[in-house]
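A quick write-up on the structure given underneath.
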Amino acid sequence: MYDIRRLILLRDLAERTTMTAVSELHGITTSAVSQQLRILEDEVGTVLTRREGRVLRLTHAGRVLVDYTSRIIAALEEAESAVAATAEAVTGVLTLATFRTAQSRLALPVAARLMAENPGLRVRVVDLVPVDSVPAVRQQEVDLAITYSYSFRTRDLPLGLSSEFLFSDPLVLLAPPGLRERAQQHGLAAMRDADWITARDGAPSIVSVMYACGEAGFAPRIEHRSGSFAAMAEIVEHGLGVTIVPEMSVGAEHRHLIACTIANGSRQVGVTYRQASLERPAIAAAIRALRSIARPAQLAS
């Protein structure tokens, strides 16, 4: 019988393509990864990987084995969830990943409710953006994650994961007084000559700015960069430019900066989890709590 730990190493190699990446993921040396995969090949009796330049690719036999590995891991977790569901109380540890602006709005209220209703349950909250939290759910490093995707971008989830929509977070333009009045009268196109504030290149939020401005017929002149929506609002407050951010990220002290919403622009907030874990009582309770707490936000949007 194949060793499940070696099968997981092969699966992770299929996704990450280098021994170094797999060793960093598991906290072991690359030589240990290589040794375990050689043992697996001896057990299987055929070659499972081949080198292409700097990366390793799976052979046909390797791909077949990885496909079955995903099913095996899901079946094991389904068994664990089914056994947990026979317990009379919700207990154990639940790890919930969340992006920064959903922490106070969703994650912390959910954690507080779950622990108040289930004294035997501990909830851990981890700050992760979706690009990191979705793989963490896949790797069973966290149990579920509050995630988002922008309305103009599609996102494919890895095999075995599901995502449930919670509510839509509109995108809004933040602008200082003079520009705010122009935007309210003429829309986003009136901002073509303004200085813009965005995140670094490659961040999902800068893509939202570029897309919205492109739809309005211009390319934004980016003068300021920040990795924090709150800091972007501060820059707008000082009259140095304009920006587009999700409405949920705008604190009470900066609500007066909102000039208008962005047509067809929103951030879709949801919860991502492993399908095989859905019967686990703590997971089911967390999803119910998220639905309940998110409902007012959905009605307000």
Side-chain angles (χ1 to χ4, degrees), residues 4-5 7-8 11-12 15 25-27 69-149 155-169 248 267-299:
I4 185 64
R5 292 167 297 182
L7 292 174
I8 289 172
R11 181 202 66 182
D12 294 340
E15 295 178 353
L25 177 65
H26 290 274
T69 297
S70 299
R71 300 183 206 177
I72 292 166
I73 293 171
L76 287 172
E77 185 163 20
E78 286 176 0
E80 291 176 357
S81 299
V83 171
T86 65
E88 295 182 358
V90 179
T91 59
V93 179
L94 177 79
T95 304
L96 172 63
T98 179
F99 58 96
R100 189 73 50 87
T101 53
Q103 183 169 301
S104 59
R105 181 79 165 268
L106 290 176
L108 296 182
V110 164
R113 177 180 296 189
L114 288 173
M115 289 191 293
E117 294 177 350
N118 306 281
L121 179 67
R122 289 172 46 220
V123 180
R124 298 173 59 242
V125 177
V126 181
D127 182 2
L128 289 175
V129 293
V131 69
D132 296 320
S133 65
V134 170
V137 174
R138 174 86 159 80
Q139 295 290 340
Q140 300 187 11
E141 295 168 1
V142 302
D143 295 302
L144 70 170
I146 301 171
T147 54
Y148 64 79
S149 60
R155 184 187 68 186
D156 295 324
L157 289 174
L159 184 68
L161 298 190
S162 289
S163 187
E164 178 178 323
F165 171 80
L166 294 174
F167 64 91
S168 181
D169 184 16
M248 190 168 68
R267 189 170 64 168
Q268 309 300 309
V269 179
V271 55
T272 299
Y273 53 87
R274 295 182 298 278
Q275 295 169 353
S277 71
L278 198 52
E279 284 190 41
R280 183 179 160 197
I283 298 290
I287 293 174
R288 287 195 301 271
L290 279 165
R291 289 173 185 152
S292 176
I293 291 171
R295 193 171 297 119
Q298 185 174 9
L299 293 174

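These figures come from a predicted structure and were not determined experimentally. Computed from heavy atoms alone, side chains included, the values below leave out hydrogens, waters and symmetry copies.
Residues Ile146 and Phe99 approach most closely at O-CD2, 3.4 Å, considering heavy atoms. In terms of heavy-atom proximity, Met248 sits nearest to Asp169 at N-OD1, 2.9 Å. Annotation for Val90 and Ala282: closest pair CG1-CA, 3.7 Å, computed over non-hydrogen atoms. Of all the heavy atoms in Val110 and Ala286, the pair that sits closest is CG1-O, 4.3 Å. Between Leu106 and Ile293 the shortest heavy-atom distance is CD2-CG2, 3.9 Å. Summarising the geometry of Ala111 relative to Val123, their closest heavy-atom pair is CB-CG1, 3.7 Å, with the distance given to 0.1 Å.
In this structure the side chain of Arg138 reaches within 4.5 angstrom of the side chain of Arg11, judged on heavy atoms. The shortest distance between side-chain heavy atoms of Leu96 and Arg124 does not fall below 4.5 Å. Side-chain atoms of Leu94 and Leu144, non-hydrogen and from C-beta on, do get closer than 4.5 Å to each other. In this structure, Ser133 and Thr147 have side chains that are in contact, with non-hydrogen atoms separated by less than 4.5 Å. In this structure, Arg288 and Ile283 have side chains that are not in contact, with every pair of non-hydrogen atoms separated by 4.5 Å or more. Counting heavy atoms from C-beta outward, Thr91 and Leu121 have side chains that stay 4.5 Å or more apart.
Checking Ser162 against Arg274 by side-chain atom types alone, no donor-acceptor pair falls below 3.5 Å. Side-chain contact, Gln268 with Ser149: no donor N or O sits under 3.5 Å from an acceptor N or O. For the residue pair Thr98 and Arg105, no side-chain donor N or O sits within less than 3.5 Å of a side-chain acceptor on the partner.
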* Asked: How far apart are the C-alpha atoms of Gln139 and Val134, what are their side-chain angles, what is the distance that settles it, and do they pass the side-chain contact (heavy atoms from CB on, under 4.5 Å) test?
  -> CA-CA 9 Å; Gln139 295 290 340; Val134 170; over 6 Å; no
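From Ser292, atom OG reaches atom CZ of Arg113 across 4.0 Å, with rounding to the nearest 0.5 Å. Note that CG of Leu161 and OG1 of Thr272 are 7.0 Å apart. Values are rounded to the nearest 0.5 Å.
A donor-acceptor pair under 3.5 Å is formed between the side chain of Asn118 and the backbone N or O of Leu114.
The side-chain hydrogen bond (donor to acceptor under 3.5 Å, both in side chains) check on Glu164 picks up Arg291, with sequence neighbours excluded. Partners of Gln103 by side-chain hydrogen bond (donor to acceptor under 3.5 Å, both in side chains), not counting sequence neighbours: none found.
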